[in-house]
Colleague: 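Would you mind keeping the following structure in view while I ask a few things?
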Amino acid sequence: MSLAPERPRLAVKLLDERLRDVMPHYATDGSAGMDLRALLDAPLTLAPGQCELVRTGLAIHIADPGLAGMILPRSGLGHKHGIVLGNLVGLIDSDYQGELMISTWNRGDAPFTIEPFERLAQYVLVPVVQAELEIVDDFDTSRRGAGGFGSSGRH
Ligand SMILES: O=c1ccn([C@H]2C[C@H](O)[C@@H](COP(=O)(O)OP(=O)(O)OP(=O)(O)O)O2)c(=O)[nH]1
Ligand SMILES: [Mg+2]
């Protein structure tokens, strides 16, 4: 049996009071992400190819530079309806204090209507390690060397 690790506490500002009752949360004990809802006053229809920034009404200050937020698509919306992110993945800096915005892209071939407060994307908190870059003339030799982009073949 494993004990659940203590969760970091993140400061959240509600930029719209209507979000108080529909705060992001982990839907199950093992959920990796919390769903983010579209803060819209009216339905928003995205034509095929259209991309719009959608408000979430939430500002989350992570504060700890050892953590970052990621905004990822929901798989159902992405796979069934082509609703993904215009930036593919949103990376949220630990010092960002502004509103979380969802770049919402209809990459499908049919119009899609986002309903107000629909769960549109998900927020995942991830550990981050900041590095120091040290300029060198040569690396210690590795087996891979500079091979990449399929250098090891397909099978
Ligand atoms: O999907 C996203 C991606 C980013 N952000 C916010 C949080 C993030 O910390 C900030 C900057 O993001 P990023 O560094 O990826 O964008 P940039 O184009 O480099 O902007 P900046 O010059 O502000 O760093 O924008 C969002 O709200 N949603
Ligand atoms: Mg940046």
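In each ligand, atom 1 is the first atom listed, and ligand 1 is the first ligand listed.
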Colleague: With no hydrogens and no angle check, is any side-chain donor or acceptor of Arg144 less than 3.5 Å from a backbone partner on Gly147?
Modeller: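 Yes, the answer is positive, given that a donor and an acceptor are paired below the 3.5 Å cut-off.
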
Colleague: Would you say Leu15 and Leu44 are hydrophobically clustered, going by side-chain heavy atoms of ILVMFWY under 4.5 Å?
Modeller: no

Colleague: Looking only at atom types and distance, does a side-chain atom of His25 sit under 3.5 Å from a main-chain N or O of Met23, one as donor and one as acceptor?
Modeller: yes

Colleague: Within the structure provided, determine whether Pro24 and Leu36 are in side-chain contact (heavy-atom separation under 4.5 Å).
Modeller: yes

Colleague: Applying a heavy-atom distance cut-off of 4.0 Å, which protein residues contact ligand 1?
Modeller: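 Contacting ligand 1 under 4.0 Å are Ile71, Asn87, Gly90, Leu91, Ile92, Asp93, Tyr96, Glu99, Leu100, Met101.
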
Colleague: Not counting sequence neighbours, which residues clear salt bridge (charged side-chain N to carboxylate O under 4.0 Å, His left out) with Arg55? List them please.
Modeller: Glu99

Colleague: What's the verdict on salt bridge (Lys or Arg N to Asp or Glu O under 4.0 Å) for Arg18 and Asp41, showing C-alpha distance, side-chain angles and the deciding distance?
Modeller: CA-CA 11 Å; Arg18 289 173 291 180; Asp41 289 325; 3.0 Å; yes

